[in-house]
Amino acid sequence: MSALKIYNTLKRKKETFKPLVDGKVGLYVCGMTVYDFCHVGHARVMVVFDTVARYLRYSGYEVKYVRNITDIDDKIIARAIEANEDFNTLTKRFIDEMHQDEAALHAHRPDLEPLATESMGSIISMIEVLIEKQHAYVGSNGDVYYSVESFEGYGKLSGRELDDMNAGERVEVDAAKRNPFDFVLWKPAKADEPSWASPWGEGRPGWHIECSAMSTDCLGNHFDIHGGGMDLQFPHHENEIAQSEAATGECFVNTWMHNGFVRIDDEKMSKSLGNFFTVREVLKKYRGEEIRFFVLSSHYRSPLNYSDEQLNEARSALERLYTALRNIQPLDNDEASDFVRRFEEAMNDDFNTAKAISVMFECANELNKLKTTEPVQAAKMAADLLAMAEPLGLLTQDPEEYLQSSTGTDEGLASEQIEAKINQRLQAKLDKDWGLADQIRDELKQQGVMLEDAGKETTWRRA
RNA sequence: GGCUGAGUGGCAGAGUGGUUAUGCAGCGGCCUGCAAAGCCGUGUACAGCGGUUCGAUUCCGCUCUCAGCCUCCA
C-alpha cells in the first residue's frame, strides 16, 4: 500500500506525509468570516477539508480538526450597523446558517471551532511577545504593526521577495507603517465600535493574528497541516507564519494545503466581484450531496467551474451509483479488494478524489454485472463501494430514500400521489391499456418523477 | 512589472515516456408491451513550434491563450 503524499505549498511539491506524533494529525483550516451566507467557494473549503479529515481518519490517524470562525472584523461591524443590530447577534445568526449549509453538504463539524472574540487573551499575549521581541511596533496612529523586515523568512510561502512586490499599486500605503507590507496586529476602536481592553488601549485584533493565536492555542506551536483557499496564501498565511515563528521561535506548520477557486465563466467566484451563488440558492435546485459530488469530481487544487450543467452531471453520476446499490444488502468483504486498493492509491496521491471516484464507477459497473448472476459477490462489491464512499462523505443515504428525495427545496409531488398514479398505471398495464399506462408515465415524468418497471414491480425516483 | 498555476476527445475531468481513465451526451445491439435502469459494442483527444529519445500528450525550450496572487476574499 502506497504512502499518503500531500502537495505542500511551502515546498511546491508533493511530500510523503509524516505526522509530528505517530498516528496523530493536527489540522487547522481558515474558516469563514460570518457576516453573510456561505457561497459555493466556501462550500468547496468545507467539503475538501472534511474529506481530508475523513480520509486521514479512514487511514487510521487520530485527527484533531480545527476550523476557526472570524466573528469580528470591519465587514461584520459595517454589516451590523447596516442591519441595525448588535454584531454578536449578526454573527451568531450566520454561524448557525453556516452549520446548516455544512450539514446539507454532509460535512462533519470540525472538532473545534474557536471564535476570535473568545480568544482575545492569547491574541493579546502573542502581540505582547512580538513587541517584546521587536517584531512589532506601535505606529504613530496607535495601530500595532508587525514589521515584515524583522522576519527573515518573510515571503517563503508565497514565493515572493519584498522588493518584487508592488506596494501601493492598488491601495494607498499607510504613512504610519515602516514598510508598506507591515500589517496590523491591533487597531484602536473608534467610538461605538466593539472593543476589547489591551495594553494598547481599547481595540480589536487584526485578521492575521487571530489565526496564529487560535491555531497555536488548539494545536500547539508546531503542528501538521494548515489549509485554506488559494487566496489566503498571501498575505494571510504568509503573515501567520511570520507572526507565529517570530513569536515562538519554532517551525509553525509542516504542510500547507491550498484549495483552488470556484469559478463562474472562467472567473473567480468572489464576494468582491459579486458573481457568487450562495449554498442556500443552489440547494433550492440540487441536493446537498450533488453539490458535494460536484466539488469532489475535480482535484482540490484545480479550478472548479460552476454551472448548472456541472451540477446536472453530478446528479446523473450519483444516480448511477445509488442505482447500483439499490435492493442489495452489503456484505463485508474480508479479502482486500482490488477496487479499494486502487481507490486508496488515488487518495494517497494528494487526495485525488476525481480518480478515486472513477474507481467507484468501475466498482459499480462490476456490481451491476454481478447483481443478477452472483448475489453474494455483488453484496461484497456493494460493501466495497460503500467503503470507498465513506471517506468521501458520499452514498451515506439509503439508496431508495436518496433516489426518491426531493431534488431541491421544492418538494414536488407527494409520495402518496405518486404511488396512487403508479397503482392506476399498474391496472392499465393489466388491462393492456398501453396508451393510458404511457400517458401516466409521461405525466409523472413532466413532474420530475421517473418510473421504472422491473417485472411486476414499478419503482420510481426523482430526477 | 514580479510571482504561481493551467491549456486533454461533443462536454466535464484524471493520468501516463511505447497498451482502456471515468462520468455525461451520441451511435449500434441485448433486455422491455414500449420505456427507464442495467449490460455489451462503438469515438485516429492531448494549444502551437522546435529539441531530447528507438518512441512524447507525458521530459526540455520558446510562442500563444487563459486564470490567480501582489488590497479584503475560501
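Values reported hereafter were calculated over all heavy atoms of this structure, with side chains retained and with hydrogens, waters and symmetry mates removed. Residue numbers start from 1 in every chain, and the chains themselves are labelled A, B, ... in the order their sequence lines are given, proteins ahead of strands.
Using a 4.0 Å heavy-atom criterion, one finds that A:K75 contacts the bases of the nucleic acid, with or without backbone contacts as well. Heavy atoms of A:G31 sit under 4.0 angstrom from primed sugar atoms or phosphate atoms, though from no base atom. Using a 4.0 Å heavy-atom criterion, one finds that A:R79 contacts no nucleic acid atom at all. If you check every strand for non-hydrogen atoms under 4.0 Å, A:N259 touches a base. Among the heavy atoms of the strands, none lies under 4.0 Å from A:M46. Among the heavy atoms of the strands lying under 4.0 Å from A:L451 is at least one base atom, whether or not backbone atoms are also near. Among the protein residues, A:S316 comes within range of the sugar-phosphate backbone only, with heavy atoms under 4.0 Å from sugar or phosphate atoms but none that close to a base. Nucleic acid contact for A:K268: base, since at least one base atom lies under 4.0 Å from a heavy atom of the residue. Using a 4.0 Å heavy-atom cutoff across all strands shown, A:N368 reaches sugar-phosphate atoms only and no base atom. No contact: A:D163 has no heavy atom under 4.0 Å from any strand. Base engagement by A:D453 is indicated by at least one non-hydrogen atom pair under 4.0 Å involving a base atom. Within the 4.0 angstrom heavy-atom criterion, no nucleotide atom of any strand lies near A:V48.
Classified by interplanar angle (parallel below 30°, tilted 30° to 60°, perpendicular above 60°), the ring pair A:W256/A:H237 is tilted.
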Going 5' to 3' through nucleotides 3-13 of chain B and flagging B where a protein heavy-atom sits under 4.0 Å of the base, S where only the sugar-phosphate is that close, and - otherwise, we get S-------BSS
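Regarding contacts with the backbone of B:rG15, a side-chain N or O of A:N352 is found under 4.0 angstrom from either OP1 or OP2. Under 4.0 angstrom from either OP1 or OP2 of B:rA37 there lies no side-chain N or O belonging to A:R441. The side chain of A:K371 places no N or O atom within less than 4.0 Å of a non-bridging phosphate oxygen (OP1 or OP2) of B:rC39.
Rounded to a whole angstrom, the distance from the P atom of B:rU71 to that of B:rC66 is 23 Å. The same atom, C1', is picked in B:rG50 and in B:rC64; the two are 14 Å apart, to the nearest Å. Using atom C1' as the reference point in both B:rU8 and B:rG48, the two lie 15 Å apart (nearest Å). On the C1' atoms, B:rC49 is 15 Å away from B:rU57, given to the nearest whole Å. Spacing between B:rG18 and B:rC27 at atom P, rounded to whole Å, works out to 34 Å. The C1' atoms of B:rA45 and B:rC54 are separated by 25 Å, rounded to the nearest whole Å. Distance check on atom C1': B:rG17 versus B:rG10 gives 29 Å, rounded to whole Å. Nucleotides B:rC46 and B:rG9, compared at atom P, are 8 Å apart to the nearest Å.
Toward the 5′ end of RNA chain B lies the nearest nucleotide of A:R425, the other residue of the pair A:R461 and A:R425 mapping further downstream. Between A:F234 and A:M32, the one whose closest nucleotide on RNA chain B sits nearer the 5' end is A:F234.
Rounded to an integer number of Å, the gap from A:I76 CD1 to B:rC72 P is 16 Å. In this entry the distance linking CZ of A:F183 with P of B:rC70 reads 15 Å, nearest Å. Look at CE on A:M450: it is 8 Å from P on B:rA36, rounded to the nearest Å. For the pair A:K14 NZ and B:rG15 C1', the interatomic distance rounds to 10 Å; values are reported in whole Å. As rounded to whole Å, 13 Å separates atom C1' of B:rU71 from atom CG of A:L273. The interatomic distance linking A:R315 (CZ) with B:rG23 (C1') rounds to 16 Å, in whole Å. Note: CE (A:M165) to P (B:rC69) measures 15 Å, nearest angstrom. To the nearest angstrom, P of B:rA74 lies 14 Å from CZ of A:F94.
Which of B:rU71, B:rA37, B:rA74 sits closest to the side chain of A:M269 comes down to B:rA74. Here the side chain of A:V262 is nearest to one of B:rG38, B:rA74, B:rA37, namely B:rA74. Which of B:rA74, B:rG68, B:rC24 sits closest to the side chain of A:E267 comes down to B:rG68. Listed nucleotides B:rC40, B:rA74, B:rC70 differ in distance to A:F181; the shortest reach to its side chain belongs to B:rC70. The side chain of A:E362 lies closest to B:rU22, out of B:rU22, B:rC70, B:rA37. Taking the side chain of A:S358 as heavy atoms from C-beta on, and the options B:rA37, B:rU22, B:rA74, the nearest nucleotide is B:rU22. Nearest nucleotide to the side chain of A:H39, out of B:rC72, B:rA74, B:rG15: B:rA74. Comparing B:rU71, B:rA14, B:rG23 against the side chain of A:R320 picks out B:rG23 as the nearest.
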Checklist line | Trace of the side chain to side chain donor-acceptor pair (under 3.5 Å) decision for A:E443 with A:Q447 | finding: CA-CA 7 Å; A:E443 279 169 13; A:Q447 312 244 34; over 6 Å; no
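The OH atom of A:Y286 sits 9.0 Å away from atom OG1 of A:T407, with the distance rounded to the nearest 0.5 Å. If you take CZ on A:R315 and CZ on A:R462, they are separated by 11.5 Å, rounding to the nearest 0.5 Å.
Judged purely by distance below 3.5 Å, without hydrogens or angles, the side chains of A:S337 and A:D384 pair a donor atom with an acceptor atom. Judged purely by distance below 3.5 Å, without hydrogens or angles, the side chains of A:T70 and A:E210 pair a donor atom with an acceptor atom. In summary, the side chains of A:T278 and A:E281 do present a donor paired with an acceptor at a separation below 3.5 Å, with no hydrogens or angles considered.
Around NZ of A:K271, the count of heavy atoms belonging to other residues, nucleotides or ligands within 6.0 Å exceeds 12.
For the pair A:R160 and A:F234, the cation-pi criterion (under 6.0 Å, within 45° of the ring axis) is fulfilled.
At a cut-off of 3.5 angstrom, counting only N and O atoms as typed in the model, there is no donor on one side facing an acceptor on the other between the side-chain of A:D231 and the base of B:rG68.
Considering A:F183, A:F151, A:Y146 as possible partners of A:N239, the one that fulfils the side chain to side chain contact (heavy atoms under 4.5 Å, CB included) test is A:F183. Shown are A:V25, A:D224, A:L112; of these, the side chain to side chain contact (heavy atoms under 4.5 Å, CB included) with A:K64 is made only by A:L112.
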Secondary structure of RNA chain B per the Watson-Crick/G-U criterion (both distances under 3.5 Å; [ ] crossing, | other strand, . unpaired) is (((((((..(((.....[...))).(((((.......)))))....(((((..]....))))))))))))....
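For A:K14, the side-chain hydrogen bond (donor to acceptor under 3.5 Å, both in side chains) partners at least two apart in sequence or on another chain are A:D349.
Here A:W434 lies parallel enough and close enough to stack on the base of B:rG33, with planes under 30° and ring centres under 5.5 Å apart.
In this structure a side-chain-to-backbone donor-acceptor pair under 3.5 Å is present from A:K371 to A:A324.
Using a 4.5 Å cut-off on side-chain heavy atoms (C-beta onward), A:F252 and A:H226 make contact.
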